[in-house]
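Everything on this sheet refers to the single structure shown next.
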Amino acid sequence: MLERFIKKEETAAKHEEAFVGEKENLPAHIAIIMDGNGRWAKQKGLPRIAGHREGMKVINKVVREANHIGIKYLTLYAFSTENWKRPKAEVDFLMRLPEKFLHKELPSLKENNVRVTIMGTLDGLPSYTIDAVKKAVEETKENNGLVLNLALNYGSRHEMIRMVKEACREVQEGKQSIEDIDENYLSQFLLSSKLPDPDLLIRTSGEIRLSNFMLWQVAYSEFWFTNVLWPDFSEEDLVEAIRVYQKRKRRYGGV
Ligand SMILES: Cc1cc(N2CCCCCC2)n2ncc(-c3ccc(F)cc3)c2n1
């Protein structure tokens, strides 16, 4: 037990050292497309759901490390509107994960002052999934530490259609003129309207695409792609992504 504690402290110290004097240029908001779970399982001759189960375990490590480093917002792409096309058995398994994750992790999230928010459409999700996420949002709403924003039943094009409809409705009701519609006005209708846009987007498993994820919000984000499959993603991978981000943002006194 002591060895594990020492190891954890050494790891934390190492990471802290990596950022000593480099706290500036930290990304306030990191968004992650947690990809590669099915491939991880296939490589090990396991069913796809084993990859999702393993992928869920990684979240806790990443949340803890992000909180430790001082990241303010962490958005994780847990389930897209396109995921409904997967086999029923896989979707049923996935829909149980929010409840499983929160049953196990909510106490430590609360202990670490993490606020849980959900970005997506809860309509159409199973009641046990809705109940679990609503409970987590309610029980962490006063926390002011890391915001863990879970994209659940989320699709950026759905979000943009909703945004346009809201704007049209306000114009129809005379609350807004067409001439005054600008980025700022439309952004208020985003599902992520209470969060700043991601500074850094990470995608695992080597895929180089956005997959209908926060298309409006990542317009000016830095992207960091890694071949690491999500179940193998580690604190060191997160630190590496942040370090690359910091190097890109370093201006050496220039503009
Ligand atoms: C559908 C789904 C899939 C899911 N995977 C595990 C992680 C790898 C990627 C996909 C599979 N995870 N992991 C955590 C959640 C979750 C969602 C909402 C919430 F409030 C708390 C936890 C989750 N939800």
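Counting starts at 1 for both ligands and their atoms, in listed order.
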Part of L76 with heavy atoms under 4.0 Å of ligand 1, whether side chain, backbone, both or neither
neither
Partners meeting salt bridge (Lys or Arg N to Asp or Glu O under 4.0 Å) with E54 (sequence neighbours left out)
K57
Relative to the ring of F213, is the ring of Y77 parallel (under 30°), tilted (30 to 60°) or perpendicular (over 60°)?
parallel
L152: numbered ligand 1 atoms lying under 4.0 Å from its heavy atoms:
1 (C)
Out of I118, L148, L150, who is nearest to atom 21 (C) of ligand 1 when you count heavy atoms only?
L150
Please list the nearest protein heavy atom to atom 1 (C) of ligand 1 with its residue and the distance rounded to 0.1 Å.
L94 O, 3.4 Å
Inter-residue atom distance C168.SG - K165.NZ, 0.5 Å rounding:
9.5 Å
From the candidates P98, P231, G38, G55, the one that places a heavy atom nearest atom 17 (C) of ligand 1:
P98
All pairs passing salt bridge (Lys or Arg N to Asp or Glu O under 4.0 Å) where residues 115-130 contributes a residue, at least two apart:
none
For the residue pair R203 and F223, would you count it as a cation-pi contact if the rule is NZ or CZ under 6.0 angstrom from the ring centre and within 45 degrees of the ring axis?
no
Can you check which of L106, D35, L97, I59 brings a heavy atom nearest to atom 14 (C) of ligand 1?
I59
Please report which non-hydrogen protein atom sits nearest to atom 6 (C) of ligand 1, along with the residue it belongs to and the distance in Å to one decimal place.
H52 O, 3.6 Å
Would you call the rings of Y185 and F189 parallel, tilted or perpendicular, where under 30° means parallel and over 60° means perpendicular?
perpendicular
For atom 9 (C) of ligand 1, find the nearest protein heavy atom and state the residue, atom name and distance (0.1 Å precision).
N37 ND2, 3.5 Å
Ionic contact status for E99 with K104, cut-off 4.0 Å
no
Interfacing atoms of ligand 1 (cut-off 4.0 Å, heavy-atom, F101):
21 (C), 22 (C)
Which residue and non-hydrogen atom of the protein lie closest to atom 3 (C) of ligand 1, and at what distance in Å?
A78 O, 3.6 Å
